[in-house]
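First comes the structure, then the notes that go with it.
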Amino acid sequence: MNPHQPWKFTCKTCGDHALTVTRIWTILAGPVSERWQEWGPLEGDHHWHYEFKEKVEEKPDDDVETGDYGDFQEDDSDSEPEEYEIFESENNPESDEFYVNCANCDREIEFGWSQPNRGGRIFPAECSDFIPGKYWPEPRYLESWKQKHWLR
Ligand SMILES: [Zn+2]
């Protein structure tokens with residue numbers, strides 16, 4: 001057993017072994033809100049770190065009459081993820097969204113937290129060391145876990 005990776009995840013769809021943690025948050029800037037995401041690998045100790053961040057692009061509304069929107073358009077032609085940098089914002093942590101996905105095929109994996117209120121470390125349900133009843137579910141999975149009797 002690799003001491004740096006005491007658990008094992010094997011994606012049942014693609015067979016990959018790596019997991020990605022993503023956080024999405026919204027910044028309210030006057031009438032405009034921006035969504036940003038940052039993501040990075042889940043590590044062997046169930047901590048994770050973010051390696052990239054980028055703005056989540058909303059699909060432009062085709063019905064909008066084409067006028068002079070030049071003042072409102074930013075140059076978003078660079079869609080490559082940027083190197084992670086500290087980004088400070090005033091936001092409400094409770095509105096943050098967290099996702100765990102297969103690093104290869106992007107399949108969403110349910111996960112829980114080692115402490116209440118999204119505290120501590122992340123424990124994906126498909127990791128080999130996942131123990132039902134031990135973790136606090138990500139709120140999005142509360143109903144699903146209730147049905148599976150995975151709640152503490
Ligand atoms: Zn996969």
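Quick note: numbers below take in every heavy atom, side chains included, and nothing from hydrogens, waters or symmetry partners. Numbering of residues begins at 1 and proceeds along the displayed sequence. Counting convention: from 1, in listed order, for ligands and their atoms alike.
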Under 2.8 Å from the Zn ion (ligand 1), protein N/O/S atom count? 4
Indicate the ring-plane relationship of His46 and Phe123, choosing parallel, tilted or perpendicular according to the 30° and 60° boundaries. parallel
Under 3.5 Å, sequence neighbours excluded: what are the donor-acceptor pairs made by side chains of residues 9-16?
unit_1	atom_1	unit_2	atom_2	d
Thr10	OG1	His17	ND1	3.2
Thr13	OG1	Arg107	NE	3.1
Asp16	OD2	Ala18	N	3.0

Kindly state whether the ring of Tyr141 and the ring of Phe111 have centres lying under 6.0 angstrom apart. yes
Given the rule that I, L, V, M, F, W and Y join up when any side-chain heavy atoms are under 4.5 Å apart, are Ile109 and Phe130 in one cluster? yes
With hydrophobic residues grouped by side-chain heavy-atom distances under 4.5 Å, do Trp25 and Val56 end up in a single group? no
What is the distance from atom CD of Glu34 to atom NZ of Lys55, rounded to the nearest 0.5 Å? 4.0 Å
